[in-house]
Protein chains: 2
Amino acid sequence: MVSSHDVARLAGVSQATVSRVLNGSKNIRQSTVEKVERAIKELNYHPNLNARNLVKKKTNMIALITGHTHDPFYEESTRGIVSIAAKKGYNVLVFFNKIDNDNMLYNQVLSAPVDGIIMSSILMNDSIFPVLESLEGKPYVTFNRKHSCGTNYFEIDNVKAGELITNHMIELGHKNLAYIGGPLQASTFHGRLEGFKKEANRQKIAVRDDWIKTTDTTIESIVQACKELFSGIEFPTAIVAATDAIALICLDFLLNKGFKIPEDISIGAIDNIEFSAHASIQLTTVGTHLSQSLGNLAMEHLINLIENKNKQLNSVTTTITPHLIVRRSTGNPRIK
Amino acid sequence: MVSSHDVARLAGVSQATVSRVLNGSKNIRQSTVEKVERAIKELNYHPNLNARNLVKKKTNMIALITGHTHDPFYEESTRGIVSIAAKKGYNVLVFFNKIDNDNMLYNQVLSAPVDGIIMSSILMNDSIFPVLESLEGKPYVTFNRKHSCGTNYFEIDNVKAGELITNHMIELGHKNLAYIGGPLQASTFHGRLEGFKKEANRQKIAVRDDWIKTTDTTIESIVQACKELFSGIEFPTAIVAATDAIALICLDFLLNKGFKIPEDISIGAIDNIEFSAHASIQLTTVGTHLSQSLGNLAMEHLINLIENKNKQLNSVTTTITPHLIVRRSTGNPRIK
DNA sequence: TTGTAAGCGTTATCAC
DNA sequence: GTGATAACGCTTACAA
């Protein structure tokens, strides 16, 4: 492996001078700059970032802990985060987490050589948080979900989101509502289910307990929930899915069963992933009016935290009010 | 930032001993292990990986250069690669590249502190390759696309894939074929277009020059291609898209224009991304019989290269024979 | 303008 | 078993 010493030797200068050229310092004769650059090119030298980072105590890397990008929501946010990071001179180390606290993973992230940590899929009682708090000097930020005792989060008003989509179904005339969500230790699922129940309650719509499904967000468990919902004599006429990703899986299930959407069954969700707008999907959902995604906002905030070290910024909490986006997956229930 | 020295001081041992405990070395008294571990916990110590990597000359990180995960193909491969990496103890640094050679990016990747490099979206004449070859000791691997002078690639037989989907259209009775692809400096697009032309030729089907569209794979340019295709008096009855991602965008365009698929227009593609099997898409496409994706195979190969340093493995070239997957986006042309 | 040398936080080779 | 100590490849005062 060629080092700056080799370059120095070839260029006939000291290693320190090579370093100066590399870092574009002023006060350095143009002719030596050229000598060094020629040597760099000739030896095909690339600085060892490990060594640099060690002395600079800065790596320009950030760690992202996200749910599997199988869920388009996480794919979109990951894409945005990596892009913003690149634009600002950071690289991102991607970690996928499971549904439950994963201490192995967290330890890895905690000692990863990164300047900050951004997380989307943590639980309200996640064990990483106390550690993170005690880790002075390594800023972190959360988006989508939040921790029960955490600050620095960017979320939508999940209760409101649940109310909006539920209200839409009820306004359409649906009385047989089902709900499919995820683990309630996630603040998103917790809030959305609360919104669903609250709105149903407010409108005096009784919801059967066994029509409220809590999955682990895997395809299998969502399909299982669908099977249970449509195995009895009575079916729901409308499904409120906690996320667009869940809705997409339900949709696949229902279409394969021969149901017509929305004639037979209405389906609506929350997240407004890009694909929901596709002409062959047209999912009614709940989204934000933001031009930036939550992930992008969080990433920009994280970079501010890293670079400004502005202690005032250290406890930003952002909750965005969502709104309903009506498309073609919801309609009036069939008259009996 | 707490270092192993701090731990040593608190535990009343030397820093070297802390290091030994950390690395689980034998020949160390159980009682001191406990002392050290207690100190580690108390100080909330996490080893500095930069320092460790510097001396070990190993980072357990790999760099992935991929197209934007906006294209589900890249999302799926990225997901697989990150998962395999994690399983094998590696983390992945994700870089998105543009359609053209991006020297800034490449320089970044080249000096990134990684043990190896995996790339999916390079061009046949990409400038990174000569450098990569000269970079002894940093293995690399390519999947999906390959470099004109590169080895270590995993691809499908793109010409064959182009032939298969084109043949399918012709067998259905289509005579007015259009093709929408991407930059021909990408081996995938190059081969797939070649296959398209070859098969049309073999079957004596004349294809209009202006019905062969080369986009830059952005949504805008694909939509533009669609507009051009469907603005004249004569329309194609079948579209061969070079990738499922392109087909999805065409599909959106066509459905929004009020076309029925496949009654008015058939559409088929290559890649067999997961979403193509969704009940609301049902895209006819070309895929492999592999249980693993190309990206996964490539990643496993890369880890072998890194860990075994087996020089024999150093020039693996894999070309998988693809097969047709008929779904509901293709059918017979309307009889005039 | 350039060179010398002291770290950065580890691992690993010696002695003891 | 454990403690010194020399790297690892870089940045950055401090000298010259």
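Proteins come first, then strands; the chains are lettered A, B, ... in the order of their sequence lines, and each starts at number 1.
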> Rounded to whole angstroms, how far apart are CG on B:Leu43 and P on C:dG9?
14 Å
> Taking C-beta and beyond as the side chain, do B:Thr78 and A:Thr69 meet within less than 4.5 Å on heavy atoms?
no
> Could you walk me through whether A:His147 and A:Tyr153 pass ring pair (Phe, Tyr, Trp, His ring centres under 6.0 Å), step by step?
CA-CA 8 Å; A:His147 194 270; A:Tyr153 58 79; over 10 Å; no
> Taking for each residue the nucleotide of DNA chain D bearing the nearest heavy atom, is the 5' side occupied by B:Arg20 or by A:Val2?
B:Arg20
> When the distance from CG of B:Asn23 to P of C:dG9 is rounded to whole Å, what number comes out?
17 Å
> For the atom pair OG (A:Ser187) and CG (A:Asn125), what is the distance rounded to the nearest 0.5 Å?
11.0 Å
> Quick one: CG on B:Leu54 to CG on A:Asn53, what's the gap to the nearest 0.5 Å?
10.0 Å
> Name every residue in residues 5-16 of chain A that has at least one heavy atom under 4.0 Å from any atom of DNA chain C, in order of residue number, or write none if there are no such residues.
A:Val13, A:Ser14, A:Ala16
> Hey, does A:Val13 have a side-chain heavy atom less than 4.5 Å from the side chain of A:Lys35?
yes
> Look at all strands and tell whether B:Ser4 reaches a base, only sugar-phosphate, or nothing, counting heavy atoms closer than 4.0 Å.
sugar-phosphate
> Once you round to the nearest 0.5 Å, how far does CD1 of A:Ile65 lie from OH of A:Tyr140?
12.0 Å
> Atom CD1 of B:Ile40 to atom P of C:dT10: distance rounded to whole Å?
10 Å
> Look up atom CD in A:Glu75 and atom CD in B:Glu75, then write down how far apart they are to the nearest 0.5 Å.
6.0 Å
> If you measure from CG on A:Asp126 to OH on A:Tyr106, what distance do you get to the nearest 0.5 Å?
3.0 Å
> Closest to the B:Tyr45 side chain: D:dC14, C:dT10, D:dA4?
C:dT10
> Residues of residues 49-61 of chain A with any non-hydrogen atom less than 4.0 angstrom from an atom of DNA chain C: list those, numerically ordered, please.
A:Leu54, A:Val55, A:Lys57
> Tell me whether the count of non-hydrogen atoms from other residues, nucleotides or ligands lying under 6.0 Å of NZ in B:Lys98 goes above 12.
no
> Kindly state whether the ring of B:Phe154 and the ring of B:His301 have centres lying under 6.0 angstrom apart.
yes
> I need the residues from residues 24-32 of chain B with at least one non-hydrogen atom less than 4.0 Å from DNA chain C; give them sorted by number, or say none.
none
> Distance check needed: D:dC8 P versus A:Met1 CE, whole Å only.
14 Å
> Does D:dG3 have its OP1 or OP2 closer than 4.0 Å to a side-chain nitrogen or oxygen of B:Thr17?
yes
> Using a strict threshold of under 4.0 Å (side-chain N to carboxylate O), is an ion pair present between A:Glu37 and A:Lys41?
no
